[in-house]
Amino acid sequence: MKTPNRSHAPFLRLLIIFSLSVATVYSQNTVIKAGHLFDSRTGKVLDNQLIVVSKDGRIVQVGPGLKPAAGDTVVDLSNSWVLPGLMDCHVHITANYPYRKYSGIAGIFATESTALRALRGAAVAKQLVEGGFTTIKDIGNDANYATADVIRSIRAGWSTGPTILYSGKIIAPYGGQSNSINPEHEGFWQMEYIDADTPDEIKKAVRKNIYNGANTIKMVTDDHPAYYGIEDIKAAVDEAKKAGMKVTVHAMGGEAARNVILGGAAAIEHGFQLDDELLRLMKERGTFLVGTDFSADNFYAYGGTLEASRANEAMVVDRLRRAYKIGTKMAFGTDIIIDLEGMNRLQSNLKVLQTWKKAEIPASYILQTMTIFAAELLGTEKYLGSLEPTFRADIVAVKADPTKDIDAVGGVHFVMKNGRIIRNDRLANP
Ligand SMILES: [Zn+2]
């Protein structure tokens, strides 16, 4: 190695000093002054807290009376309500159907490519994360694995989006959720579904989805009159478990839902017709309800009458009220595939909160279903869903107290994901 020329020595010294000072700056923390902090474990708001976030995106310390160290980057949210990043456990980011012209799931198979679906998915993913939803569970209806590419794009830094739990294609009895497809087009639905009619076929479908990027498994059972038996659900649960994954199942109620619960699935999606006995069985078995609690506006978007939409909403409000009273575990999920008039996906999703409000579920409990309870269902409860040391710094802030009125979550003005600030609006009236 050549000895550096003497005349370069002062320059090298300067370079070393400069490098050390850069290293010092990079090693410093981001400190958030939280005027009000939502403690998702208790459902209570704590005032004047400081959250210390390390440069690797972890929460190091939280508490009152802490002081930022010299050189820390300070984010002043002393006039805001600060919450763990929100979670939506039932989305379809790549799908959107025309308002009030829904013609069935297969309505877009022939007109939209997987590439187009992925582009839409990336746009919706950005909207959701900027609206405070830092984790979502995208469970199928994404053409030919479009969401897998959205996830790759986010990981590569080409686009911005939440952490995505992803199911791949929906595993279902023959025909998926298509109907009225003529026999000449048999298999048309395989764009988004895998026909699996025996425990062995179900296991193979689980493996296929995992191969294509899935990290959770979604089944649909009772859209077919010959719905899955307990052994069918169990086949999926056992196969998924080997890969450390959970199974979630679309079921409305009755015997099909009972089979889902007894088969050991982690959650029932929708469950609009669950009776008290099944809600109790879910409580006993620890099965989550992801209620996808459509408001009348969300039902109306499909094209039915206002009267029918209101009746459907009343059914959901009643089920939500009973599930809360019984103590069935719940995680927030929206399931919107039709944007409301003049609204984007985020706004259309948040419409479901009107149903939760009508069911008189306390706002702090709704927030728990969007944070700590959701994290438990998703299997991320050791690092997401709460603002506490060692947890990932997924942090959002809103302008009004969301434990008083849940609609405040529609006013997210700050989003940090993995310790990185991706949105920080200046408050108009701080
Ligand atoms: Zn859905």
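Note that the structure is a prediction, hence the values are computed from the model and not measured. Below, all heavy atoms of this structure are taken into account, side chains as well, without hydrogens, waters or symmetry copies.
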Applying side chain to side chain contact (heavy atoms under 4.5 Å, CB included), run through Val317 and Arg321 and close with a yes or a no. CA-CA 6 Å; Val317 168; Arg321 199 177 268 144; 4.0 Å; yes

Heavy-atom closest pair, residues [X] and [Y]:
{"X": "Ala214", "Y": "Gly168", "result": "CB-N, 4.0 Å"}
{"X": "Arg41", "Y": "Phe391", "result": "NH2-CZ, 3.7 Å"}
{"X": "Thr94", "Y": "Arg117", "result": "O-NE, 2.8 Å"}
{"X": "Ala257", "Y": "Leu278", "result": "CB-CD1, 4.3 Å"}
{"X": "Val62", "Y": "Leu66", "result": "C-CD1, 3.9 Å"}
{"X": "Ala143", "Y": "Glu192", "result": "N-OE2, 3.1 Å"}

Qualifying residue, where the test is side-chain hydrogen bond (donor to acceptor under 3.5 Å, both in side chains) with Tyr174 and the options are Glu201, Glu186, His224: Glu186

A quick test of your reading: do over 12 heavy atoms of other residues, nucleotides or ligands sit less than 6.0 Å from NZ of Lys246? yes

How about NZ on Lys242, more than 12 heavy atoms from neighbouring residues, nucleotides or ligands closer than 6.0 Å, or not? yes

Main-chain N/O of [Y] paired with [X] side-chain donor or acceptor, under 3.5 Å:
{"X": "Asn96", "Y": "Asp339", "result": "yes"}
{"X": "Gln368", "Y": "Ser40", "result": "yes"}
{"X": "Asp232", "Y": "Gly229", "result": "yes"}
{"X": "Gln273", "Y": "Gly253", "result": "no"}
{"X": "Asp394", "Y": "Asn418", "result": "yes"}
{"X": "Arg423", "Y": "Val415", "result": "no"}
{"X": "Asp76", "Y": "Ser78", "result": "yes"}
{"X": "Asp222", "Y": "Ala256", "result": "no"}
{"X": "Gln347", "Y": "Asn344", "result": "yes"}
{"X": "Asn29", "Y": "Val31", "result": "no"}

Is there a side-chain contact between [X] and [Y], using heavy atoms and a 4.5 Å cut-off?
{"X": "Pro64", "Y": "Asn48", "answer": "no"}
{"X": "Val352", "Y": "Thr292", "answer": "no"}
{"X": "Ile93", "Y": "Ile164", "answer": "yes"}
{"X": "Leu353", "Y": "Val409", "answer": "yes"}
{"X": "Phe133", "Y": "Met370", "answer": "yes"}
{"X": "Asp335", "Y": "His92", "answer": "yes"}
{"X": "Ile32", "Y": "Ile395", "answer": "yes"}

Do the side chains of [X] and [Y] get close enough for a salt bridge, i.e. N-O under 4.0 angstrom?
{"X": "Arg100", "Y": "Glu341", "value": "no"}
{"X": "Lys357", "Y": "Asp405", "value": "yes"}
{"X": "Asp149", "Y": "Arg152", "value": "yes"}
{"X": "Asp293", "Y": "Arg319", "value": "yes"}
{"X": "Lys204", "Y": "Asp200", "value": "no"}

Give the C-alpha distance, both sets of side-chain angles, the deciding distance and a yes or no for side chain to side chain contact (heavy atoms under 4.5 Å, CB included) between Asn259 and Tyr228. CA-CA 7 Å; Asn259 293 348; Tyr228 283 138; 6.0 Å; no

Just one of Val249, Ile261, Val290 clears the side chain to side chain contact (heavy atoms under 4.5 Å, CB included) bar with Ile268, so which one? Ile261

Take Asn144 and Lys169 through the test side chain to side chain donor-acceptor pair (under 3.5 Å) and record every step on the way to the result. CA-CA 8 Å; Asn144 220 356; Lys169 295 195 186 192; 2.8 Å; yes

Residues which pass side chain to side chain contact (heavy atoms under 4.5 Å, CB included) with Gln177, listed by chain and number, not counting sequence neighbours: Ile105, Asn141, Ile170, Tyr193, Val220, Asp223, His250

For Glu231, the side chain to side chain contact (heavy atoms under 4.5 Å, CB included) test, sequence neighbours excluded, returns Pro199

Passes side chain to side chain contact (heavy atoms under 4.5 Å, CB included), Leu274 versus Met282? Steps please. CA-CA 10 Å; Leu274 289 169; Met282 289 172 75; 3.7 Å; yes

Run the numbers on Asp297 and Ser295 for side chain to side chain donor-acceptor pair (under 3.5 Å), then give the verdict. CA-CA 5 Å; Asp297 289 340; Ser295 69; 4.7 Å; no

Indicate the ring-plane relationship of [X] and [Y], choosing parallel, tilted or perpendicular according to the 30° and 60° boundaries.
{"X": "Tyr99", "Y": "Tyr300", "result": "perpendicular"}
{"X": "Tyr97", "Y": "Tyr102", "result": "perpendicular"}
{"X": "Phe188", "Y": "His185", "result": "tilted"}

Please round to the nearest 0.5 Å and tell me the distance separating atom CH2 of Trp356 and atom CG of Asp407. 14.0 Å

What distance do Thr221 atom OG1 and Ile171 atom CD1 have between them, rounded to the nearest 0.5 Å? 12.0 Å

Test salt bridge (Lys or Arg N to Asp or Glu O under 4.0 Å), reference Glu239, set Arg207, Lys208, Lys234, output is Arg207

Tell me, with the steps shown, if Ser309 and Asn312 meet side chain to side chain donor-acceptor pair (under 3.5 Å). CA-CA 5 Å; Ser309 304; Asn312 281 330; 5.8 Å; no

Walk me through it: do Arg258 and Glu255 pass the test salt bridge (charged side-chain N to carboxylate O under 4.0 Å, His left out)? CA-CA 5 Å; Arg258 182 185 304 277; Glu255 196 61 27; 3.8 Å; yes

Determine, step by step, whether Val82 and Gln49 satisfy the side chain to side chain contact (heavy atoms under 4.5 Å, CB included) criterion, reporting the C-alpha distance in whole Å, the side-chain angles of both residues, the deciding distance to 0.1 Å, and the verdict. CA-CA 10 Å; Val82 177; Gln49 304 285 304; over 6 Å; no

Given the rule in the side chain to side chain donor-acceptor pair (under 3.5 Å) test, do Lys417 and Thr163 qualify, once you have shown the distances and angles that lead to the verdict? CA-CA 9 Å; Lys417 171 123 200 311; Thr163 300; 3.1 Å; yes

Check the pair Glu269, Lys218 against salt bridge (charged side-chain N to carboxylate O under 4.0 Å, His left out), reporting the backbone distance first and the verdict last. CA-CA 9 Å; Glu269 308 286 331; Lys218 159 89 179 285; over 6 Å; no

